[in-house]
> 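Just passing along the structure, written as C-alpha cells.
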Amino acid sequence: MNNLIDILYERGFIEKTTHDDELVEYIDQGNIKGYIGFDPTALSLHIGSLVPIMSLAHMQKHGHRPIALIGGGTGLVGDPSGKTEMRKLLTPEMVEHNARGIEKQLSRFIDFSKGKALILNNADWLSELKYIPFLRDIGRHFSVNRMIKAESYKMRLESEEGLNFIEFNYTLLQAYDFLNLFDNYGCRLQMGGSDQWGNIISGIGLIRKMRQETVFGITFPLITTSSGAKMGKTAEGAVWLDSERTSPYEYYQYWINTDDNDIVRFLALYTFLPMDEIKDIERLEDDDLNSAKTVLAFEATQLVHGRQEAIKAYHAAASMFGVRIVPERIMPTSSIPRDEADFDDISVPHSFFDLKQIQTGIPAFKLFHLVGLAPSGSAAMRLIRQGGGYINGNRISSTEYMISENDLNNKEILLRAGKKRFHKIKIRY
RNA sequence: GGUGGGGUUCCCGAGUGGUCAAAGGGAACAGACUGUAAAUCUGUCGGCAAAGCCUUCGGAGGUUCAAAUCCUCCCCCCACCA
C-alpha cells in the first residue's frame with residue numbers, strides 16, 4: 001500500500017489510468033514527475049480544483065516531483081472539453097494576472113522550494129509557436145476523423161452552437177505541452193479531470209509517434225455531491241480558495257453543510273487523515289456524523305487558510321450554532337482542538353456601525369439588505385414576512401420593525417437570515 | 001455571400017397587440033419537520049419605505065391610446081447551400 005497509485009485509488013482520486021501495470025512499475029521507480037494543468041480563467045482556484053491539487057500534494061508526500069502547469073498559453077484558447085458553450089476569451093494580461101494568483105494558492109499545498117516541485121507556464125513555449133512549423137511537425141500526427149469522434153467534443157458537435165476552430169486546436173496544444181514537458185523535464189505522467197481524458201491520450205499518442213516513448217495518464221472522477229451538484233457551487237457562486245472571495249468562515253461552513261452520504265468520500269479526498277480512521281466514520285450515526293463533519297470542515301479549512309483561520313472559523317461556528325467538542329474516538333489523528341476553549345466569534349461576518357446610526361433607528365429589512373443578508377430590500381422584506389428574519393435570536397414579527405438602541409445586546413446586534421446565515425452588527429464608539 | 005431558423009426574467013422554456021413583471025419546469029430562498037444533513041410538505045422567487053410606482057423580453061429607432069408581441073435598421077448564434 002505504499003505505491004502512490006494504491007493510495008490514490010484508495011482515497012478515491014482515480015477514475016482511470018493508461019497502461020495499468022506499466023504505470024505502477026514506473027511509479028515504483030520513485031522520484032517520478034507528473035503534471036497537471038490549471039486553467040487561469042479566474043484569479044483564484046475554487047473547490048473544484050482541490051482534487052488535482054491534493055493529488056499533486058500526495059505525489060510530493062510520496063517522494064515524487066509534481067509539476068503544476070499554469071495554462072497561460074492555452075488559457076488564451078479555451079478548452080472546449082465537456083463545455084456546452086464557448087469560453088469567453090481572456091486577454092493576455094488577465095491570464096498573466098490570474099496565473100500569479102493561482103501560483104500563490106498552489107504553494108499552500110505544494111512545496112516548490114529547492115526543485116521539490118515545479119511550477120511552469122505553458123505561455124513560455126506556446127506563445128512562440130510558429131503556425132506552419134507547428135502544423136507540419138505536430139498537426140500531421142492528429143487525425144481529424146478521430147478527434148471529432150472523441151467524447152469530449154461530442155456534446156459540442158451536437159449542440160446548436162457548434163465548435164469553434166480555435167477550440168478545436170486545444171487538444172493539439174495540450175498534447176504539445178506534454179511533449180514539451182517530456183523533452184525538457186523528463187515528465188512521463190499527466191493527470192487531469194475526467195474531461196481531460198481525450199487531451200491526455202492525445203499527448204501520449206504524440207509522444208509515442210514522435211519519440212517512440214511510453215508515457216502515462218491518470219484521470220480523476222468528476223466529484224459531485226450526493227445530490228448531484230458539482231462541488232463548490234453555491235447560490236453565491238463558486239467556493240473559492242482565496243480568502244478575499246470566500247472567507248475562511250464561509251469556506252468552513254461549506255464543508256459543514258456536507259451531505260451525510262459524502263462525509264467519508266470527502267474526508268478521503270480533501271484531507272490527509274489516515275484512511276483507517278476515515279473508514280470508521282461509516283459506522284457513525286446522528287450527532288457523531290456532525291462531529292465528523294466538523295473534523296472535515298476544520299481540516300479542509302486548515303489546509304487552505306492555515307491553522308489560525310481554521311480555529312477562528314471553528315470557534316465562530318461554535319458561538320453561532322453551539323459548541324461541539326469532537327470526541328477523541330472520532331478521527332483521533334485530526335489536530336482539531338478538542339478542549340473547551342474560549343469561543344470567540346470574530347470570524348462571523350460582521351460590520352461596524354456608529355451608535356448614532358442605531359439610535360436614529362433603521363428599518364430591520366433595510367439593515368438586512370445593507371449587511372448583505374438579503375440581495376435587495378424586497379428580498380429582505382420577503383424574508384421577514386416569511387419569518388426568516390431574526391434579531392438576537394428572536395423572530396422579527398413585522399416588516400415595519402425598526403432597529404433601535406433597545407436591540408443592542410452587549411454592544412452588538414446579531415442578525416440571522418434563515419437557519420444558518422448570521423451577521424453581527426458591532427458598535428464603533 | 002445566399003436561404004431558412006433563432007436571441008424572453010439565474011438556467012431551460014411558453015408567450016405573436018391590451019387580462020404580461022410575463023405560463024410551466026429546474027435552481028435558489030423562507031417556514032414546518034430535523035442534526036447547521038437528506039427526503040417531504042407549504043410558501044416566495046425584477047426593483048422601490050411598496051394595496052401604489054418604476055425598470056425588463058439581443059440593441060437602436062418607429063407605428064399605436066396600448067408593444068415581448070407589428071415595422072425599419074443593426075448586432076450575435078445555429079442549420080443548409082456556396
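Note on naming: letters A, B, ... go to the chains in the order of the sequence lines (proteins, then strands), and numbering restarts at 1 for each one.
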> Would you mind reading off the distance between Ile263(A) atom CD1 and rU36(B) atom C1', rounded to a whole angstrom?
12 Å
> Using whole Å, report how far CG of Asp260(A) lies from C1' of rG35(B).
8 Å
> Nearest to the side chain of Arg395(A), heavy atoms from C-beta on, is which of rG31(B), rU36(B), rC48(B)?
rG31(B)
> Which whole-number value in Å describes the distance from His369(A) NE2 to rC29(B) P?
18 Å
> In whole angstrom, give the distance that lies between atom OH of Tyr252(A) and atom P of rU36(B).
12 Å
> Which comes earlier along RNA chain B counting from the 5' end, the contact point of Gly322(A) or that of Gly387(A), where each point is its nearest nucleotide?
Gly387(A)
> Angle between ring planes, Phe13(A) versus Phe220(A), binned at 30° and 60°: parallel, tilted or perpendicular?
perpendicular
> I'd like to check the ring-ring contact (aromatic ring centres under 6.0 Å, His included) partners of Phe178(A); sequence neighbours left out, ordered by chain and number.
Tyr35(A)
> Under a 3.5 Å limit for both distances, which nucleotide forms a Watson-Crick or G-U wobble pair with rC80(B), could you say?
rG2(B)
> Please state how far atom OH in Tyr254(A) lies from atom C1' in rA37(B), giving the value in whole angstrom units.
14 Å
> From the set rG47(B), rU36(B), rC29(B), return the single nucleotide nearest to any side-chain atom of Ile256(A).
rU36(B)
> Under a 3.5 Å cut-off for both distances, is rA28(B) Watson-Crick or wobble paired, and to whom?
rU44(B)
> Using the C1' atom as the reference point in each nucleotide, state the distance between rC57(B) and rA50(B) in Å, no decimals.
24 Å
> I'd like the P distance from rC29(B) over to rA37(B), given in whole Å.
11 Å
> At a cut-off of 3.5 Å, list every protein nitrogen or oxygen paired with a nitrogen or oxygen from nucleotides 49-52 of chain B, distance to 0.1 Å.
{"residue": "rA49(B)", "atom": "OP1", "partner": "Lys366(A)", "partner atom": "NZ", "Å": "2.4"}

> Determine, for Phe272(A) and Lys61(A), whether the Lys NZ or Arg CZ falls below 6.0 Å from the six-membered ring centre while staying within 45 degrees of the axis.
yes
> Just do the ring pair (Phe, Tyr, Trp, His ring centres under 6.0 Å) check on Trp255(A) and Tyr270(A) with the steps written out, would you?
CA-CA 10 Å; Trp255(A) 291 104; Tyr270(A) 301 113; 4.9 Å; yes
> Verify the ring-centre separation between Tyr249(A) and Phe422(A): is it less than 6.0 angstrom?
no
> Over all strands shown, is Thr399(A) touching base, sugar-phosphate only, or nothing at heavy-atom distances under 4.0 angstrom?
nothing
> If I pick the C1' atom on rU8(B) and the same atom on rA68(B), what distance separates them, to the nearest angstrom?
7 Å
> Measuring only the C1' atom in each nucleotide, how far is rU9(B) from rA28(B)? A whole number of Å is fine.
14 Å
> Rounded to the nearest 0.5 Å, how far does CZ of Arg265(A) lie from CD of Glu282(A)?
12.0 Å
> Counting only side-chain N and O atoms of Lys420(A), is one of them less than 4.0 Å from OP1 or OP2 of rA37(B)?
yes
> Would a distance-only check, ignoring hydrogens and angles, find a side-chain to backbone donor-acceptor pair under 3.5 Å from Ser55(A) to Pro52(A)?
yes
> What is the separation between atom CD on Gln253(A) and atom P on rA37(B), rounded to the nearest whole Å?
10 Å
> Watson-Crick or G-U wobble partner for rC57(B), using a 3.5 Å limit on both distances?
none
> Taking only the C1' atom of each, what is the distance from rC75(B) to rA27(B) in whole angstrom?
30 Å
> Of the candidate nucleotides rG47(B), rC29(B), rG35(B), which contains the atom at the shortest distance from the side chain of Asp287(A)?
rG35(B)
> Kindly compute the distance separating CG (Leu126(A)) from CZ (Phe134(A)), expressed to the nearest 0.5 Å.
7.5 Å
> rC11(B) and rU19(B): how far apart are their C1' atoms, nearest whole angstrom?
28 Å
> Taking the C1' atom of each, how far is rA79(B) from rC74(B), in whole Å?
22 Å
> At what distance, to the nearest 0.5 angstrom, does OH of Tyr176(A) lie from CG of Asp137(A)?
8.5 Å
> Going by the side chain to side chain contact (heavy atoms under 4.5 Å, CB included) test, name the single residue among Val371(A), Leu370(A), Leu414(A) that passes it with His423(A).
Val371(A)
> Pick base, sugar-phosphate or nothing for Tyr390(A), based on heavy-atom distances below 4.0 Å to the nucleic acid.
sugar-phosphate
> Roughly how many Å is it from CD1 in Ile281(A) to P in rG35(B), rounded to a whole number?
19 Å
> Does any nucleotide pair with rG18(B) by Watson-Crick or G-U wobble geometry, both distances under 3.5 Å, and what is it?
rC65(B)
> Return the value, rounded to whole Å, for the distance between atom CG of Asn290(A) and atom P of rU36(B).
6 Å
> Can you find a donor-acceptor N/O pair under 3.5 angstrom joining the side chain of Gln386(A) to the base of rG43(B)?
yes
> At under 4.0 Å between heavy atoms, what does Leu383(A) touch on the DNA or RNA strands: base, sugar-phosphate, or nothing?
sugar-phosphate
> Which listed nucleotide (rA30(B), rC33(B), rG47(B)) is nearest to the side chain of Arg382(A)?
rG47(B)
> Regarding Ala417(A), tell me which of base, sugar-phosphate or nothing describes its non-hydrogen contacts under 4.0 Å with the strands shown.
sugar-phosphate
> Expressed as a whole number of Å, how far does the P atom of rC45(B) sit from that of rA39(B)?
23 Å
> If you look at every strand shown and take non-hydrogen atoms under 4.0 Å, does Asp259(A) touch a base, only sugar-phosphate, or nothing?
sugar-phosphate
